Amino acid sequence: MFKKAHKLRLWLIVFGIAVLIVSIDQLTKNWALQALNIGEPVKIWGVALQWVLVKNPGAAFSFLEEATWVFTIISSAVAIFVIFYTRYLTMVRWAVVSGLVLAGALGNLIDRFFREPGFGVGHVIDFIFTPWIVPAVYNVADIAIVTGMGLFLLFTLLPDKKQHTDELVDPHA
């Protein structure tokens with residue numbers, strides 16, 4: 001019984017994070033489409049933080065703009081892999097990583113499926129510009145992917161010295 005409860009908890013963490021972040025991502029993208037004009041910067045905190053609406057057909061830095069369908073396939077594969085992988089999770093830290101990566105993939109995948117110019121080749125809505133951090137325009141989904149992959153690297157390269165400290169322990173074992 002305890003193991004099933006632990007698995008359910010991990011599943012809820014993954015999908016709870018994903019639902020929350022995808023919702024925030026889509027709400028902020030819809031806000032950006034309504035409030036901003038394409039390519040016109042709005043200074044929020046001087047030059048350090050600006051809103052700049054961009055419809056991105058490619059990957060980061062508008063890389064491979066003519067291959068939008070490739071990123072649709074990659075994002076779909078990542079989302080399917082993460083969903084499949086959740087059954088093997090045993091630790092909270094990996095559930096958080098999975099939830100962040102799933103959220104980022106789904107947030108941008110929704111754009112690729114349902115935004116102009118059409119199904120599977122839609123442009124991703126980017127609007128956050130912080131030139132002092134990254135000289136690119138990005139969105140909440142991108143932040144989730146980068147954070148998830150950063151945590152993945154951190155957890156992989158610097159494992160906890162107390163092995164499996166965030167696993168639940170059955171007090172009746």
Side-chain angles (χ1 to χ4, degrees), residues 10-87 89 94-154:
L10 295 175
W11 186 88
L12 289 172
I13 290 169
V14 171
F15 293 101
I17 288 171
V19 167
L20 176 66
I21 292 176
V22 167
S23 298
I24 293 168
D25 177 64
Q26 291 300 306
L27 286 170
T28 57
K29 287 174 179 175
N30 288 331
W31 166 82
L33 285 169
Q34 296 299 315
L36 303 172
N37 295 319
I38 292 179
E40 292 182 19
V42 176
K43 292 181 180 178
I44 302 304
W45 192 23
V47 295
L49 174 62
Q50 301 173 46
W51 301 149
V52 181
L53 180 61
V54 175
K55 294 182 179 182
N56 184 356
F61 306 102
S62 294
F63 179 68
L64 292 174
E65 291 183 11
E66 300 302 319
T68 302
W69 60 273
V70 171
F71 299 111
T72 302
I73 292 169
I74 292 170
S75 295
S76 297
V78 167
I80 290 167
F81 174 79
V82 172
I83 291 168
F84 178 79
Y85 176 75
T86 58
R87 72 172 63 180
L89 292 174
W94 297 114
V96 170
V97 167
S98 298
L100 289 167
V101 172
L102 180 61
L106 289 176
N108 287 335
L109 195 56
I110 289 168
D111 289 4
R112 295 197 187 281
F113 279 133
F114 301 111
R115 297 206 189 269
E116 294 178 355
F119 186 80
V121 293
H123 295 173
V124 173
I125 304 303
D126 293 330
F127 64 94
I128 303 168
F129 183 52
T130 52
W132 57 280
I133 297 176
V134 177
V137 183
Y138 51 94
N139 59 48
V140 173
D142 296 336
I143 294 169
I145 291 170
V146 170
T147 303
M149 293 312 296
L151 289 173
F152 174 84
L153 289 173
L154 182 68

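What you see is a predicted model, and the numbers here were worked out from it, not measured in a lab.
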Between [X] and [Y], what is the shortest heavy-atom contact and its length?
X      : Y      : result
Ala141 : Ala103 : CB-O, 4.5 Å
Ala144 : Gly104 : CB-N, 4.0 Å
Ala136 : Phe129 : O-CD1, 3.4 Å
Pro117 : Gly122 : CD-CA, 3.9 Å
Leu53  : Ala32  : CD2-O, 3.9 Å
Ile13  : Ala95  : CG2-CB, 3.8 Å

Expected output: side-chain Asn139 to main-chain Ile125 donor-acceptor under 3.5 Å: yes

Any donor-acceptor N/O pair, Thr86 side chain to Ile83 backbone, under 3.5 Å: yes

What distance do [X] atom [atom1] and [Y] atom [atom2] have between them, rounded to the nearest 0.5 Å?
X      : Y      : atom1 : atom2 : answer
Ser75  : Leu102 : OG    : CG    : 11.0 Å
Asp142 : Asp25  : CG    : CG    : 8.0 Å
Arg112 : Ile74  : CZ    : CD1   : 9.0 Å

Is the closest side-chain heavy-atom distance between [X] and [Y] below 4.5 Å?
X      : Y     : value
Val137 : Asn56 : no
Phe113 : Ser76 : yes
Phe127 : Val52 : no

side-chain contact (heavy atoms from CB on, under 4.5 Å) between Ile128 and Ile143, worked out: CA-CA 10 Å; Ile128 303 168; Ile143 294 169; 4.0 Å; yes

Worked verdict on Val101 versus Ile145 for side-chain contact (heavy atoms from CB on, under 4.5 Å): CA-CA 5 Å; Val101 172; Ile145 291 170; 5.5 Å; no

Val124, Val22, Thr72 screened by side chain to side chain contact (heavy atoms under 4.5 Å, CB included) with Asn108, the one that passes: Val124

Phe152: partners by ring-ring contact (aromatic ring centres under 6.0 Å, His included), with sequence neighbours left out: Trp94

Evaluation steps, side-chain contact (heavy atoms from CB on, under 4.5 Å), between Leu10 and Arg87: CA-CA 9 Å; Leu10 295 175; Arg87 72 172 63 180; over 6 Å; no

Under the side-chain hydrogen bond (donor to acceptor under 3.5 Å, both in side chains) rule, collect the residues that match up with [X], sequence neighbours excluded.
X      : answer
Glu116 : none
Thr130 : Tyr138
Asp111 : Gln26, Lys29, Arg115

Counting only pairs under 3.5 Å, give me each side-chain donor-acceptor contact of residues 34-51, with atom names and distances, residues two or more places apart or in other chains.
residue, atom, partner, partner atom, Å
Asn37, ND2, Glu40, OE1, 3.3
Gln50, NE2, Val47, O, 3.2

With sequence neighbours excluded, residues passing side chain to side chain contact (heavy atoms under 4.5 Å, CB included) with Ser98: Val14, Val82, Tyr85, Leu89

